[in-house]
Every structure is written in structure tokens, then in C-alpha cells.
K.L.:
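This structure is in C-alpha cells; I'll ask about it shortly.
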Amino acid sequence: MVAAADAQNYAQKLGISHGLAVQELGWDEDVDDDLRADVEEAIGGEIVDEDSDEVIDVVLLWWRDGDGDLVDALMDAIGPLADDGFVWVLTPKTGQPGHVEPSEIAESAPTAGLTQTSAISLGAWTGSRLVQPKAPSKQR
């Protein structure tokens with residue numbers, strides 16, 4: 001019962017609510033199915049796959065050490081992203097196979113034009129929230 005109650009907080013922790021378009025990149029056998037199920041329940045539909053041409057509100061990027069170039073993956077992730085959308089880079093926690101050093105995310109985000117705003121714990125995964133910088137106001 002405790003695990004189910006904890007799982008219900010995943011979408012809330014991620015800032016995901018009903019009606020948002022959520023895209024998942026980097027899916028593999030090791031992803032957290034409870035997190036995925038909670039997100040789908042919260043949005044009231046299915047997570048869209050990487051071949052979608054919809055405008056995306058949230059990208060869940062499952063990322064492990066050895067998956068390639070994070071900057072390239074982030075550039076691909078922000079292509080369909082709405083102006084106020086955000087990316088969660090989900091990495092295995094310290095000590096888990098595929099763990100990614102937080103510094104790799106911190107260094108890759110600005111190169112891809114993103115800013116890291118927060119990091120949270122999600123079971124065996126860690127989530128790093130990345131956003132696109134707001135355009136400077138043209139008013140003086």
C-alpha cells in the first residue's frame with residue numbers, strides 16, 4: 001500500500017497534470033513503470049512516443065551513462081517543446097547501473113539552451129528539471 005501511495009506522487013512531483021502532452025524519450029526495460037502509469041493517469045491519456053509531431057508540454061528523458069551525447073538528446077527533446085514546456089532528465093540514482101553524474105546534466109543543459117531549475121528523487125531514479133530561458137521582455 002505504501003508503494004502505491006508513493007507512486008501517486010510521481011506526476012505531482014513532476015508538475016504533470018491533466019491534459020498535458022507528455023513525450024517519453026529513452027525508454028528501455030529499466031524504466032520505472034509505476035512512474036509511467038502515474039503520469040498517464042494524471043494526464044488522462046497515453047504518453048506520446050518519440051515519433052509524435054504534437055507540440056509537447058513535458059518531455060521525460062530517461063538517460064543513462066553510455067546512452068550517447070546528452071546535449072544531442074536535449075536538442076532533440078526541445079524541438080517539439082511548447083514555449084513554456086519543460087524537460088525532466090531521469091537518471092539512475094548513485095550506485096545504480098547507468099548512474100549519470102549531476103555535473104554532466106549541469107554542463108549539458110546550457111549548451112542545449114536550457115536551464116536546470118530543480119532536482120528530485122523518484123524511487124530508483126533522480127529527476128532534473130530543465131526549462132527554456134524566458135525571452136527577455138521587450139518593454140522598457
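All values reported here derive from a predicted model rather than from experimental measurement.
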K.L.:
If every non-hydrogen atom of Pro110 is compared with every non-hydrogen atom of Ala106, which pair is closest and at what distance?
P.N.:
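Scanning both residues, the minimum pair turns out to be CD-O, 3.0 Å.
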
K.L.:
Are Ile78 and Leu74 side-chain neighbours, meaning at least one heavy-atom pair lies under 4.5 Å?
P.N.:
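No, too far: nothing below the 4.5 Å cut-off.
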
K.L.:
Indicate if Leu114 and Val131 have the same hydrophobic cluster label, given that clusters are the connected sets of ILVMFWY residues with side-chain heavy-atom separations under 4.5 angstrom.
P.N.:
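Different hydrophobic clusters.
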
K.L.:
Do any N or O atoms from the side chain of Gln132 and from the backbone of Ala82 form a donor-acceptor pair under 3.5 angstrom?
P.N.:
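Confirmed, Gln132 side chain pairs with Ala82 backbone.
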
K.L.:
CG/Asp38 to CD1/Ile16 distance, rounded to the nearest 0.5 angstrom?
P.N.:
8.5 Å

K.L.:
With a 4.5 Å cut-off on side-chain heavy-atom distances among I, L, V, M, F, W and Y, is there a chain of contacts connecting Leu122 to Leu20?
P.N.:
yes

K.L.:
On a heavy-atom basis, which atom in Tyr10 and which in Asp32 lie closest, and how many Å separate them?
P.N.:
OH-OD2, 3.4 Å

K.L.:
I'd like to know if the side chain of Gln23 and the backbone of Asp49 have a donor-acceptor N/O pair within less than 3.5 Å.
P.N.:
yes

K.L.:
Leu35, Ile43: one ILVMFWY side-chain cluster at the under-4.5 Å cut-off?
P.N.:
yes

K.L.:
How long is the span from the CD atom in Glu46 to the OG atom in Ser52, to the nearest 0.5 Å?
P.N.:
12.0 Å

K.L.:
Quick one: does Glu50's side chain have a donor or acceptor within less than 3.5 Å of a partner on Leu25's backbone?
P.N.:
no

K.L.:
Report yes or no: do Phe86 and Ile47 belong to one cluster of Ile/Leu/Val/Met/Phe/Trp/Tyr joined by side chain heavy-atom distances under 4.5 Å?
P.N.:
yes

K.L.:
Within this structure, what is the CZ-OG1 distance for the pair Arg129 and Thr115, rounded to the nearest 0.5 Å?
P.N.:
11.0 Å

K.L.:
Quick check: is Ile105 connected to Leu81 through a chain of hydrophobic side chains (ILVMFWY, heavy atoms under 4.5 Å apart)?
P.N.:
yes

K.L.:
How long is the straight-line distance from CZ of Arg36 back to CG of Asp34, given to the nearest 0.5 Å?
P.N.:
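Spacing of CG (Asp34) from CZ (Arg36) equals 11.0 Å.
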
K.L.:
Give the minimum heavy-atom separation between Ser121 and Lys93, together with the two atoms involved.
P.N.:
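For Ser121 and Lys93, the tightest heavy-atom pair comes out as OG-NZ, 2.5 Å.
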
K.L.:
Is the count of non-hydrogen atoms from other residues, nucleotides or ligands lying under 6.0 Å from Asp69 atom CG greater than 12?
P.N.:
yes

K.L.:
Would you compute the distance between atom CG of Leu90 and atom CG of Leu14 and round it to the nearest 0.5 angstrom?
P.N.:
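So the CG of Leu90 and the CG of Leu14 are separated by 6.5 Å.
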
K.L.:
Show me, pair by pair, the donor-acceptor contacts under 3.5 angstrom made by side chains of residues 56-64, not counting sequence neighbours?
P.N.:
from	atom 1	to	atom 2	distance (Å)
Asp57	OD2	Ala21	N	2.7
Trp62	NE1	Glu24	OE2	2.9
Arg64	NE	Asp30	OD1	3.1
Arg64	NE	Asp30	OD2	2.8
Arg64	NH1	Gly26	O	3.2
Arg64	NH1	Asp67	OD2	3.0
Arg64	NH2	Gly26	O	2.9
Arg64	NH2	Asp30	OD1	3.0

K.L.:
Looking at every non-hydrogen atom in both residues, tell me the closest pair between Ala11 and Ala42 and how far apart they are.
P.N.:
CB-CB, 3.5 Å

K.L.:
Determine whether Thr91 and Asp65 make a side-chain contact, defined as any pair of heavy atoms from C-beta on separated by less than 4.5 Å.
P.N.:
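No, their side chains stay 4.5 Å or more apart.
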
